[in-house]
Amino acid sequence: MSPVLEKDSLDTLRVMLEILESGFEKLPPAAMEFADTKAMERVLMQVAERLHDNYPYFHPLYAGQMLKPPHPVARLAYTLAMWINPNNHALDGGRASSVMEREAVAEIASMFGWEKHLGHLAGGGTMANLEALWVAGKMHPNTTIVASEQAHYTHRRISDVLGLRFEDIPCDGSGRLDVAALQKRLDQGGVGTVVATIGTTAVGSVDPLPELLSLRERYGFRLHADAAYGGYFGLVDNLRADTRAIYDRLGEVDSIVVDPHKHGLQPYGCGCILFRDPSVGQFYKHDSPYTYFTSEELHLGEISLECSRPGAAAVGLWATQRLFPLEKGGAFAQMLGRSRTAALEFYDKIRSDARFIAAFPPELDIVVWAPRATSVSAASRMTRLIFDECARNQLHLAVAKLPIDFFDVDVAEMKRDQDSVSCFRSVLMKPEHLQWVDRIWEIFDRSASTILAGLSRSR
Ligand SMILES: *Cc1c(COP(=O)(O)O)cnc(C)c1O
């Protein structure tokens, strides 16, 4: 069988377990009461079979949705922590892992230039954004939250959960929040919070922060950055100049969400919320009689909406950041930079092929494109067919529905019978993707040729 899943690190896990065990050697031996191990094995073999039913997210030919395999260092650190199963709700539930969480989160904060902050890990970007908007609602009660039409749909839903008003603001032709439209809305009054998306989920566009910061001075709203996807890209050295200018000012916003389980090499269950002003901690105050806070120190459960949280997530993140510090020019930054180069190279291939229309150049590492056709609906149908053919050839892309205005195509050339087009979306987020760009293009090209030839025969 060809090796596509990494297994060498399993030997390291056994050594790690022995070291962990040596820390508890004063305890009398205690055998666990397991069920029949033969029966357990039978179930586990079934599990291994059942998991066949997946797209190969771990492989470079999976180039579709935002899925990036955790690094082995994260996987092993997380797995080892499972033998302890710490709960980072309170220091007593996970002493080492709580300290590791504070250290790892402080490192993320300092990536944004924050020496002081309040923050912690969360189940993911949704929970982290929920805390950001909850605090925003406390700071600016009875006001409206606005975000761009390309902001993650979770903001509207979270606002609903929190009972806060939400409105969206149109985007410009490159998928960024339209500043003129925002200003018009601000003039009408009642906006308390603006959400800037730093790397939109669909296309990776980055909202124009310098302009938003100027507007904040004039209108006094709270500014939250949803950098769940794009948060780490400030580390790379190959951003466009205008994108770089945005990242250089990211530290000036009031709160930031970043998802270590997106680009930070972590398994799912790892988002992060950061507040620039630690005094927002006052909103979290509670006097639970059942959390056994035995020390005077700040427990993470006192500054988090979620109560029980996996300490293992903090251990995985801490280990990853030891191996890959969040520094410009470092190995982690270079890996991210390669993803962006891969996207630019792939974009060039689309641009030089007359069968396809490209959207604006990728701002991060996400590429979107569509087949050229006589109408938007015909292009959408072709996308579906080529998408399926690619999957049959082991290439896994994603399909997104996006405004046709994002694409570089003449109205005379393509009939606008619908406003949005189903197009290809490829998130090239693995460091290996750069080496695989030619191979990915070759399979895409071949799959498209098969479908297009079939379509022209049937006409
Ligand atoms: C992924 C994403 C979210 C949601 O985060 P989850 O980790 O999936 O809960 C929110 N905002 C943006 C910009 C995202 O990319």
Side-chain angles (χ1 to χ4, degrees), residues 57 64-70 74 105 108 112 119-136 145-162 166 168-169 171 174-177 193-209 212 223-234 243 246-247 250 253 255-274 304-306 309-310 313-314 316-317 336 339-340 343 362-368 398 400-402 425-429:
Y57 308 117
Q65 311 279 6
M66 278 174 182
L67 286 140
K68 180 170 175 168
V105 169
I108 295 178
F112 300 117
H120 59 87
L121 299 181
T126 304
M127 274 311 298
N129 276 304
L130 181 123
E131 294 199 13
L133 297 191
W134 176 66
V135 166
I145 295 172
V146 299
S148 91
E149 282 172 348
Q150 287 292 314
H152 198 284
Y153 69 87
T154 196
H155 293 286
R156 176 178 289 279
R157 217 163 53 178
I158 287 169
S159 302
D160 188 45
V161 170
L162 295 169
F166 177 89
D168 51 30
I169 305 289
C171 284
S174 58
R176 289 174 163 194
L177 185 144
T193 303
V194 174
V195 177
T197 305
I198 304 302
T200 59
T201 315
V203 301
S205 287
V206 183
D207 283 345
L209 209 52
L212 300 183
L223 188 52
H224 168 61
D226 180 2
Y229 185 69
Y232 293 104
F233 275 90
T243 312
I246 293 169
Y247 277 95
L250 190 47
V253 303
S255 52
I256 304 178
V257 161
V258 57
D259 259 358
H261 72 200
K262 290 247 175 84
H263 251 307
L265 302 167
Q266 298 311 298
Y268 284 116
C270 195
C272 179
I273 170 67
L274 297 166
S304 162
L305 283 185
E306 287 169 279
R309 292 177 312 118
L317 185 64
L336 278 184
S339 282
R340 183 165 151 67
E363 201 161 353
L364 300 178
D365 58 355
I366 303 175
V367 194
V368 291
K401 218 170 163 185
L402 291 174
R425 169 166 166 272
S426 180
V427 184
L428 294 169
M429 69 196 298

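Just follow the structure's listing: the first ligand is 1, and inside any ligand the first atom is 1. Numbering starts at 1 and runs along the sequence shown.
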Handout entry: Spatial distance of atom CG (D207) from atom SG (C171) [nearest 0.5 Å]
Key = 6.5 Å
Practice task
Look only at the side chain of R156 and the backbone of A147, and say whether a donor-acceptor pair between them is shorter than 3.5 Å.
Solution key: no
Practice task
Before signing off on this row, confirm whether K262 and ligand 1 have an N or O atom pair separated by under 3.5 Å.
Solution key: yes
Problem - salt bridge (charged side-chain N to carboxylate O under 4.0 Å, His left out) involving R157 - partner list, sequence neighbours excluded - result: none
Exercise for the section: Any atoms of ligand 1 less than 4.0 Å from a non-hydrogen atom of T201? List them with their elements. Expected result: 12 (C), 13 (C), 14 (C), 15 (O)
Handout entry: atom 11 (N) of ligand 1 - nearest protein heavy atom and its distance
Key = D226 OD2, 2.6 Å
Handout entry: Contacting atoms of ligand 1, where contact means under 4.0 angstrom from a heavy atom of D259
Key = 5 (O), 6 (P), 7 (O)
Practice task
For residues I366 and T200, report the shortest heavy-atom separation together with the two atoms involved.
Solution key: CD1-O, 4.0 Å
Exercise for the section: Give the residue and atom name of whichever protein heavy atom lies nearest to atom 3 (C) of ligand 1, and the separation in Å to one decimal. Expected result: H152 CD2, 3.3 Å
Fill in the blank from the handout: Within the 4.0 Å heavy-atom cut-off, what T200 brings close to ligand 1 is neither
Handout entry: For atom 9 (O) of ligand 1, the protein heavy atom that lies nearest, with its residue and separation
Key = T126 OG1, 2.5 Å
Problem - Any N or O of T154 closer than 3.5 Å to N or O of ligand 1 - result: no
Practice task
Before signing off on this row, confirm whether H155 and ligand 1 have an N or O atom pair separated by under 3.5 Å.
Solution key: no
Handout entry: Main-chain N/O of L317 paired with Q266 side-chain donor or acceptor, under 3.5 Å
Key = yes
Handout entry: Donor + acceptor pair across side chains of H224, N129 (<3.5 Å)
Key = yes
Exercise for the section: Taking the side chain as every heavy atom from C-beta outward, state whether I108 and Y232 have any pair of such atoms under 4.5 Å apart. Expected result: yes
Exercise for the section: Please list, chain by chain and in numerical order, all residues satisfying side-chain hydrogen bond (donor to acceptor under 3.5 Å, both in side chains) with Q150, sequence neighbours excluded. Expected result: none
Practice task
Taking the six-membered ring for Trp and the full ring for Phe, Tyr or His, determine whether the centres of H152 and Y229 are under 6.0 Å apart.
Solution key: no
Handout entry: Nearest neighbour in protein (non-hydrogen) for atom 6 (P) of ligand 1
Key = G125 N, 3.3 Å
Practice task
Say whether M127 and ligand 1 are in contact under the criterion: heavy-atom distance to a ligand atom below 4.0 Å.
Solution key: no
Completion exercise
Here the atoms of ligand 1 under 4.0 Å from any heavy atom belonging to Y229 are 15 (O)
Problem - Numbered atoms of ligand 1 (with element) below 4.0 Å of H261, judged on heavy atoms - result: 7 (O)
